[in-house]
Undergrad: 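My questions will all concern the structure given below.
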Amino acid sequence: KCQYPQEESKYPPAQAFDLPRYYVSRFQVKSNPPENLFLTDFQQVHAFIGESGIGKTSLARDYANSALRAGKYKHIRFTSYASSLKETLEHLCEGEKEKPLDASLRMLADMQKDGNTLLIIDNYDRFDYIEELAYGKEPYDQLCATGCRILITSTLDLSQCYRINDNVTKLQPLPLDDLVRIFFNVL
């Protein structure tokens, strides 16, 4: 259920995300740190791309936690991609009396007014729906109009999508030395 700010009450601030038990941050791996990672003030949409299982979701949660500690965002919403971007956004406010898409977009805009907001859309992996991220497409344009920052994880190369362009972090497999070091540090 959506929570809308009242005059005296605000949205509760975001909480840290859980990471896998033996997660080792890519920030700690000196030989292969992620480049072009942090969303800048001029960049609204960013994508983490790479093969399945490489750690995009964990890195998105790690980024969210780091950004929370740094005070970069007040609100963070995490959702998994459904069968379309419209349905994905509707899941943010299921059960609302008004149209769920309208409720979700209003909630994100209200959260952004209350403080910097990050929306993480995990597993955007439907190639047949990639045109959703084109100029003039709804609800993508409506989502961007909320002003919140958007982080998308995907196995697809989203670098040619509207507002993403080169705002992409491509995750590469870690070198064997790093994997061995991580393995023995975890044990």
Side-chain angles (χ1 to χ4, degrees), residues 14-73 75-85 87-89 91-92 116-135 137 140 143-144 148-187:
Q15 302 294 314
F17 289 91
D18 290 332
L19 291 166
R21 182 175 176 198
Y22 295 114
Y23 178 74
V24 176
S25 173
R26 284 186 180 247
F27 298 120
Q28 297 169 339
V29 179
K30 304 295 186 235
S31 67
N32 195 11
E35 295 180 26
N36 191 25
L37 178 59
F38 290 97
L39 294 159
T40 68
D41 292 337
F42 303 106
Q43 172 185 341
Q44 185 178 15
V45 186
H46 192 91
F48 290 167
I49 62 172
E51 60 190 59
S52 184
I54 201 159
K56 299 175 298 293
T57 300
S58 294
L59 183 61
R61 290 173 184 232
D62 192 11
Y63 167 74
N65 288 342
S66 297
L68 274 174
R69 282 191 301 275
K72 187 166 179 68
Y73 299 107
H75 307 289
I76 298 177
R77 294 299 300 257
F78 186 97
T79 188
S80 292
Y81 184 76
S83 61
S84 69
L85 184 59
E87 189 175 321
T88 301
L89 294 172
H91 283 296
L92 292 174
N116 286 340
T117 300
L118 173 66
L119 173 65
I120 300 172
I121 301 174
D122 192 35
N123 292 323
Y124 190 100
D125 294 334
R126 295 277 310 267
F127 183 75
D128 49 331
Y129 279 89
I130 203 163
E131 75 275 358
E132 289 180 312
L133 303 179
Y135 176 77
K137 292 289 185 172
Y140 185 56
L143 173 60
C144 292
C148 68
R149 300 287 192 252
I150 304 157
L151 176 59
I152 302 171
T153 69
S154 180
T155 57
L156 305 173
D157 182 0
L158 302 178
S159 62
Q160 298 306 308
C161 295
Y162 177 61
R163 294 191 189 219
I164 297 176
N165 304 322
D166 294 325
N167 301 327
V168 170
T169 300
K170 182 167 177 49
L171 300 184
Q172 301 292 339
L174 293 173
L176 184 58
D177 320 8
D178 288 336
L179 292 173
V180 169
R181 187 176 52 232
I182 291 168
F183 177 77
F184 286 110
N185 283 341
V186 168
L187 289 181

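Values below: every heavy atom of this structure, side chains too, minus hydrogens, waters and symmetry copies.
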Undergrad: How long is the straight-line distance from CD1 of Ile49 back to OG1 of Thr153, given to the nearest 0.5 Å?
TA: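 One gets 11.0 Å once the value is rounded to the nearest 0.5 Å.
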Undergrad: With sequence neighbours excluded, tell me which residues meet side chain to side chain donor-acceptor pair (under 3.5 Å) with Asp177.
TA: none
Undergrad: Kindly indicate whether the side chain of Cys161, heavy atoms from C-beta on, has any atom under 4.5 Å from the side chain of Glu132.
TA: no
Undergrad: Taking atom OG of Ser154 and atom CD1 of Ile130, what is their separation to the nearest 0.5 Å?
TA: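 It is 6.5 Å, given to the nearest 0.5 Å.
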Undergrad: Mark yes or no for whether Gln160, through its side chain, and Asn165, through its backbone, hold a donor-acceptor pair below 3.5 Å.
TA: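 No, Gln160 side chain to Asn165 backbone: no donor-acceptor pair under 3.5 Å.
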Undergrad: Any heavy-atom pair between the side chains of Ile54 and Pro173 that's under 4.5 Å?
TA: yes
Undergrad: How would you list, by chain and number, every residue that makes a side chain to side chain donor-acceptor pair (under 3.5 Å) with Ser80, sequence neighbours excluded?
TA: none
Undergrad: Taking C-beta and beyond as the side chain, do Ile121 and Leu85 meet within less than 4.5 Å on heavy atoms?
TA: yes
Undergrad: Would you compute the distance between atom CG of Leu118 and atom CD1 of Ile150 and round it to the nearest 0.5 angstrom?
TA: 9.0 Å
Undergrad: Could you tell me the separation between the CG atom of Leu158 and the NZ atom of Lys170, rounded to the nearest 0.5 Å?
TA: 11.0 Å
Undergrad: Would you say that Arg163 contacts Tyr140 through its side chain, given a criterion of any heavy-atom pair below 4.5 Å between the two side chains?
TA: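 The answer is yes; the side chains approach within 4.5 Å.
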Undergrad: In a check of side-chain contact (heavy atoms from CB on, under 4.5 Å) between Leu143 and each of Leu89, Thr88, Val45, which one passes?
TA: Leu89
Undergrad: Quick one: pull up NZ in Lys72 and CG in Asn116 and give me the separation to the nearest 0.5 Å.
TA: 7.0 Å
Undergrad: Taking the side chain as C-beta and beyond, is there a heavy-atom pair between Asp125 and Tyr81 under 4.5 Å?
TA: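 They are not in side-chain contact.
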Undergrad: Would you mind reporting whether Tyr63 and Ile76 have side-chain heavy atoms less than 4.5 Å apart?
TA: no
Undergrad: Under the side-chain contact (heavy atoms from CB on, under 4.5 Å) rule, what do Phe78 and Thr57 come out as? Steps first, then yes or no, please.
TA: CA-CA 10 Å; Phe78 186 97; Thr57 300; 3.9 Å; yes
Undergrad: Between Gln44 (side chain) and Cys144 (backbone), is there a donor-acceptor pair under 3.5 Å?
TA: yes
Undergrad: Backbone N or O of Leu171 within a donor-acceptor pair of the Lys56 side chain at under 3.5 Å?
TA: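 No, because the side chain of Lys56 does not come within donor-acceptor range (under 3.5 Å) of the backbone of Leu171.
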Undergrad: Compare every heavy atom of Ala60 with every heavy atom of Leu151, then report the nearest pair and how far apart it is.
TA: CD2-CB, 3.9 Å
Undergrad: How long is the span from the CG atom in Asp157 to the OG1 atom in Thr155, to the nearest 0.5 Å?
TA: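 It comes to 10.5 Å.
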Undergrad: Check Tyr73 against Ala67 and note the closest heavy-atom contact, atom names and distance.
TA: CD1-CB, 3.5 Å
Undergrad: So does Asp62 get a backbone contact from the side chain of Asn65, meaning a donor-acceptor N/O pair under 3.5 Å?
TA: no
